[in-house]
Amino acid sequence: MFAILTLRYPSPMDEHYQPGPIETEAQAYWDRHGTFAADETSSHPKYYCLSMFPYPSGRLHMGHVRNYTIGDVVSRYKRMQGYQVLQPMGWDAFGLPAENAALERGVAPAKWTRENIGAMREQLKGLGFGYDWAREFATCDPEYYRWEQWLFIRLYRKGLVYRATSTVNWDPVDQTVLANEQVIEGRGWRSGAAVERREIPQWFLRITDYADELLEGLEALEGWPEQVRAMQRNWIGRSEGVELTFALEGGGEMLSVFTTRPDTLYGVTYLGLAPEHPIALELAKESDEIAALVAEARTGGTAEADVATREKRGADTGLRAVHPLTGERVPVWVANFVLMEYGSGAVMAVPAHDQRDWEFASAYGLPIRPVIHPEDGAADVSGGAFTEYGVLRESGEFSGMTSGQAFDAIAQRLESDGLGRRRVQYRLRDWGVSRQRYWGAPIPIVHCPHCGPVPVPDSDLPVVLPEDVTLDGAGSPLASMPSFYETSCPECGADARRETDTFDTFMESSWYYARFACPDRADAMLDRRAGHWLPVDQYIGGIEHAVLHLLYARFFHKVLRDEGLLPGDEPFQRLLTQGMVLKDGAKMSKSKGNTVDPQHLVDRFGADTVRLFTMFAAPPDQSLEWSDSGVEGAYRFLRRLYLLVRDHVAAGAAAAVEPGALNDEQRAVRRKVHETIRKASDDIGKRFTFNTAVASVMEMCNTLGKAAEDRSAAGRAVMQEGLEAAVLILAPIAPHLCHHLWSALGHQEPVVDAAWPEVDERALVRERVELVVQVNGKLRGRVTLAADAGEDRAREAALAEPNAARFMEGKEIKKVIYVPGKLINVVVR
RNA sequence: GCCCGGGUGGCGGAAUCGGUAGACGCAGACGACUUAAAAUCGUCAGGCCCCCGUGCCGUGCCGGUUCGAGUCCGGCCCCGGGCACCA
């Protein structure tokens with residue numbers, strides 16, 4: 001407000017580094033010039049850099065600061081490389097915390113959310129992130145979620161949406177459905193009541209229709225961490241196997257099972273049924289033991305981790321199944337480790353060759369019959385299952401075959417006998433998108449007593465979520481709000497009831513990246529601009545989203561493509577998954593009381609210091625250990641840089657470097673400058689290791705600081721070049737200070753529009769190199785040689801090196817290994 | 001339980017393709033400046049040893065491959081992320 005307007009280029013520098021006014025001025029400059037408005041008509045190549053948008057929880061936390069600093073550094077770097085960059089920001093505004101806040105404080109979720117957005121937007125601006133704010137939106141805006149409702153109806157008409165029952169956590173005291181997070185050790189978080197499971201009708205999207213494409217598409221995602229691709233691959237869990245049927249003795253009933261190991265078929269000693277399997281439910285009526293298992297399966301949380309860590313328990317049903325090849329009778333057990341959701345809810349158990357089956361069989365004294373053996377010897381199944389492939393024995397006509405041969409032979413035999421067929425099975429399940437919650441996008445369906453579920457007509461969209469509500473913790477307020485649910489059937493006009501469930505919030509986050517291309521479009525979900533900006537060139541967010549969010553967004557992208565709304569097969573070209581921010585070795589969280597409010601640090605040291613520290617403290621994909629004194633170190637470095645520039649410019653303008661006119665020391669300083677440019681370009685542009693880029697600039701500044709005594713014209717020219725390199729390299733990381741320093745160094749154009757520095761290869765040339773001398777791989781000395789010396793000279797020098805010679809004395813030289821420019825290793829005996 | 005990561009000085013981390021372990025920074029010690037302190041600048045800094053040597057040991061633990069392993073392979077321990085209704 002004050003000094004800013006009177007500032008002219010080049011600006012005089014204050015005695016001390018004062019981040020406050022420098023940052024205010026730089027932000028005002030970007031604002032005034034619309035610096036970060038992304039223009040799709042630009043002739044520059046486009047670059048879409050997206051950071052995962054935040055849930056507006058109230059204030060920014062360190063995880064946000066880290067995420068958004070990485071995104072901003074990439075965006076500004078790409079801009080300096082000549083790209084037209086789109087970097088948008090918005091709000092993932094629906095979700096559970098708003099409902100919790102409403103219960104705790106009596107604030108309506110909409111009001112609470114919008115206030116949080118206002119506060120967090122100011123914090124983001126204060127950190128100097130270069131967003132195109134004109135594209136901002138929140139997912140709770142009806143103009144956003146209307147297109148999600150519109151798409152859902154299209155998918156409904158296309159058959160990609162269906163209704164089925166599925167299991168939820170039910171709190172019998174609060175009479176409400178609980179999220180997995182709200183179930184703590186099998187009990188409701190508020191009521192403390194033992195959680196029950198309930199089957200209720202819900203809406204599903206057929207993501208499994210896209211399972212193969214989602215799996216195959218991973219191969220082409222070379223810009224994604226292998227770790228994330230592996231997690232998605234495992235999540236989709238494609239497995240090829242055989243589905244076969246066991247007849248139940250004394251009845252026409254058939255039991256279908258899926259196995260990836262038909263080669264082990266002769267080792268089956270029992271069948272396992274999920275407690276929720278219809279046969280188990282039927283038997284529970286007569287058997288207390290089975291009833292107890294079924295009852296147990298109905299308590300506790302629905303989360304996979306809850307189910308998988310239960311002690312393996314089971315009960316004999318008394319039923320006997322007929323082995324399809326041998327005709328042998330095998331017992332049928334109810335087993336609590338068999339999942340109803342996966343396959344058919346029944347498994348053939350081969351304890352000799354499957355570890356879970358082995359443990360169950362050992363616990364209940366069931367036979368363990370090895371039929372697969374290593375080529376040379378016998379499988380030992382006394383201490384656990386033998387799960388490798390091998391050669392079949394005691395397997396009838398298939399004995400002697402390898403597992404691979406037997407897979408095909410047995411599958412073929414089952415197929416020709418009509419007892420089974422080859423099948424591909426996925427672990428991936430269809431996506432349940434219904435939530436029995438208030439603060440989400442309404443599902444645009446009307447339930448008519450005559451017509452059944454009917455989609456809301458496009459002309460009636462959006463179905464607007466009423467925002468003026470009071471929550472009481474007992475179910476969704478929508479279900480007790482006649483003004484919302486009372487309606488008429490769009491088809492027959494009869495009185496009908498609106499769906500009161502809302503969408504899973506992953507729905508909103510599955511397509512926001514595309515809407516950022518055209519957020520102002522009022523009459524369509526997306527337009528041609530999406531084709532211009534997409535795919536996202538670089539996506540940045542937490543590793544915790546490796547599977548769910550990133551898989552759903554990939555699925556949505558393919559759906560939108562098939563609807564003709566988008567080109568391309570994948571939404572995110574490159575992905576960077578950032579690590580967590582820790583304090584004292586643990587994740588920062590309110591419950592641990594180890595949070596650090598980034599705002600306090602910005603107020604005290606400025607945004608540049610906070611940004612610099614988060615980039616310097618760790619590589620982006622690793623966890624970052626918070627350190628207050630480390631922040632002070634970052635501040636000290638910026639101040640040192642400020643003083644270096646101040647002292648340099650105080651002496652007046654410097655001439656351009658004339659490489660031929662430099663003395664040895666000046667040449668060494670200049671080599672350091674260009675080595676730093678080379679390293680920092682690689683670190684920021686290719687490796688994303690911002691920490692080592694910063695370290696190399698610090699090193700260069702240490703060198704420049706020592707060279708500052710050289711006040712000769714050539715020395716000052718080298719200094720000018722070095723300081724400009726430092727400012728350019730740091731501009732994406734500490735943009736405010738660099739904005740200021742760049743102008744102080746005499747430039748009219750703002751640094752945000754400057755070009756990334758280029759390496760002068762000639763400055764890198766060395767006349768002499770140091771070689772390490774090893775004897776038997778141990779460092780014993782060093783020799784310095786002319787850079788163009790060959791292997792013979794290096795060998796000669798190494799053998800003559802006095803300390804190394806001590807270790808070679810009286811020994812025979814077996815071999816000499818020469819690594820040019822690095823080392824020479826003499827192997828002696 | 002299943003899937004995926006990580007483990008290097010007092011601390012955060014570096015070592016990019018198997019080639020000098022500990023760059024850079026923090027904390028610390030000593031020195032300069034100062035009446036003094038802070039700030040700043042400079043020097044030192046993995047461990048061990050009455051052999052102080054460019055000696056020996058050292059990258060979670062055990063073993064292997066190699067002229068050479070923090071890096072590759074096998075086994076184990078510990079910590080973290082995800083597990084479909086937290087986002």
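Here is the naming used below: chain letters follow the sequence lines, and residue numbers restart at 1 for every chain.
Taking every side-chain heavy atom of E304(A) into account, rG1(B) is the closest of rG53(B), rG1(B), rU20(B). Side-chain proximity of P97(A) to rA15(B), rA87(B), rC67(B): nearest is rA87(B). For K822(A), counting side-chain heavy atoms from C-beta on, the closest listed nucleotide (rG12(B), rU16(B), rG19(B)) is rG19(B). Picking from rC41(B), rU54(B), rC4(B) the nucleotide with the shortest atom distance to the side chain of M231(A) gives rC4(B). For Q622(A), the side-chain atoms get nearest to rA14(B) when compared with the rest of rA87(B), rA14(B), rC67(B). Closest to the side chain of R687(A), from the set rU16(B), rA87(B), rG25(B), is rU16(B). In the set rA14(B), rA84(B), rG55(B), rA84(B) carries the atom at the smallest distance from any side-chain atom of R429(A). Distances were taken from every side-chain heavy atom of N825(A) (C-beta onward) to each of rG12(B), rG82(B), rG19(B); the shortest belongs to rG19(B). Taking only side-chain atoms of F616(A), from C-beta outward, the nucleotide of rC24(B), rA87(B), rC86(B) with the closest atom is rC24(B).
Under the Watson-Crick and G-U wobble criteria, each requiring two contacts below 3.5 Å, nucleotide rA45(B) is left unpaired. Nucleotide rC2(B) has rG82(B) as its partner under the Watson-Crick or G-U criteria, with both atom distances under 3.5 Å. In this structure, rU16(B) makes no Watson-Crick or G-U wobble pair, since no nucleotide meets both defining distances under 3.5 angstrom. The partner of rC26(B) is rG10(B), judged by Watson-Crick or G-U wobble contacts that both fall below 3.5 Å. Base-pair partner of rC76(B): rG60(B) (Watson-Crick or G-U wobble, both distances under 3.5 Å).
Not a single donor-acceptor contact under 3.5 angstrom links the side-chain atoms of N234(A) to the base of rC3(B). Contact annotation: side chain of K778(A) to base of rU20(B), donor-acceptor pair absent below 3.5 Å. Under 3.5 Å, the side chain of R782(A) and the base of rU54(B) form no donor-acceptor pair of N or O atoms.
Counting any heavy atom pair closer than 4.0 Å across all strands shown, V772(A) reaches a base atom. Within the nucleic acid shown, H545(A) comes within 4.0 Å of at least one base atom, counting heavy atoms only. In this structure, Q202(A) reaches the bases: a heavy-atom distance under 4.0 Å links it to at least one base atom across the strands shown. Among the protein residues, R356(A) comes within range of no part of the nucleic acid, since none of its heavy atoms lies under 4.0 Å from any strand. Heavy atoms of A305(A) sit under 4.0 angstrom from at least one base atom. Using a 4.0 Å heavy-atom criterion, one finds that Q232(A) contacts no nucleic acid atom at all. If you check every strand for non-hydrogen atoms under 4.0 Å, Q774(A) touches a base. In this structure, S434(A) reaches the bases: a heavy-atom distance under 4.0 Å links it to at least one base atom across the strands shown. Residue-level contact check: R229(A) touches neither bases nor backbone, having no heavy atom under 4.0 Å from any strand. Counting non-hydrogen atoms under 4.0 angstrom, L96(A) reaches the backbone sugars and phosphates but no base. The residue F506(A) sits close to a base: some heavy atom pair falls under 4.0 Å. No engagement by L643(A) is indicated, since no non-hydrogen atom pair under 4.0 Å with the nucleic acid exists. Counting any heavy atom pair closer than 4.0 Å across all strands shown, Q227(A) reaches sugar-phosphate atoms only and no base atom. Within the 4.0 angstrom heavy-atom criterion, base atoms lie near Q436(A).
N691(A) has no side-chain polar atom (N or O) that falls below the 4.0 Å cut-off from OP1 or OP2 of rG12(B). At least one side-chain nitrogen or oxygen of R636(A) sits closer than 4.0 Å to the OP1 or OP2 atom of rC26(B). When the side-chain nitrogen and oxygen atoms of R427(A) are compared with OP1 and OP2 of rC2(B), none of them lie within a distance under 4.0 Å. Between S627(A) and rC26(B) there is no side-chain N or O to OP1 or OP2 distance below 4.0 Å. Proximity of N702(A) to the phosphate of rG25(B): a side-chain N or O atom is located under 4.0 Å from OP1 or OP2. Contact annotation: R780(A) side-chain N/O to rC56(B) OP1/OP2 distance is under 4.0 Å. Listed pair N180(A) / rA84(B) meets the phosphate criterion, a side-chain N or O lying under 4.0 Å from OP1 or OP2.
Both I817(A) and G781(A) lie near RNA chain B, and the one whose nearest nucleotide falls closer to the 5' end is G781(A). A residue-by-residue look at A618(A) and G633(A) shows that A618(A) has its nearest nucleotide of RNA chain B further toward the 5' end.
rU8(B) and rA23(B) are spaced 13 Å apart, taking the C1' atom of each and rounding to whole Å. Rounded to the nearest Å, the gap between the P atom of rU34(B) and that of rC24(B) is 30 Å. Between rA27(B) and rG12(B), the two C1' atoms lie 11 Å apart (nearest whole Å). Taking atom C1' on both rU59(B) and rG70(B), the two are 5 Å apart, rounded to the nearest angstrom. When the P atom is used for both rG7(B) and rC57(B), the distance is 25 Å, rounded to whole Å. Atom C1' of rC11(B) sits at a distance of 35 Å from the matching atom of rU65(B), rounded to the whole Å. Here, rC3(B) and rG13(B) have their P atoms 27 Å apart, quoted to the whole Å. One P atom belongs to rG74(B), the other to rG18(B), and the distance between them is 16 Å to the nearest Å.
A salt bridge links E675(A) with R766(A); the closest basic N to acidic carboxylate O contact falls under 4.0 Å. Using a cutoff of 4.0 Å between basic side-chain nitrogens and carboxylate oxygens, R197(A) and E276(A) are scored as salt-bridged. Salt bridge annotation for K679(A)-E699(A): absent, with no cationic side-chain nitrogen under 4.0 angstrom from a carboxylate oxygen.
Here rC30(B) is in the anti range [glycosidic angle more than 90° from 0]. Applying the 90° criterion around 0 to the glycosidic angle, rG28(B) comes out anti.
At least one side-chain heavy atom of F555(A) sits under 4.5 Å from a side-chain heavy atom of W431(A).
Rounded to whole Å, the distance from CG on N100(A) to C1' on rA87(B) is 12 Å. Between the CZ atom of R639(A) and the P atom of rG25(B) there is a distance of 15 Å, given to the nearest Å. Across the protein-nucleic acid pair, D621(A) atom CG and rG13(B) atom P stand 11 Å apart, rounded to whole Å.
More than 12 heavy atoms of other residues, nucleotides or ligands shown are found within 6.0 angstrom of CD on E226(A). Heavy-atom contacts from other residues, nucleotides or ligands closer than 6.0 Å to CZ of R795(A) number 12 or fewer.
Donor-acceptor pairing under 3.5 Å is lacking for the side chains of Q578(A) and Q622(A). Side-chain polar atoms of E499(A) and W203(A) form a donor-acceptor pair below 3.5 angstrom.
Side-chain N or O atoms of D171(A) include one that pairs as donor or acceptor with a backbone N or O of D174(A) at under 3.5 Å.
Within the cation-pi definition used here (under 6.0 Å to the ring centroid, within 45° of the axis), R639(A) does not qualify as a partner of Y17(A).
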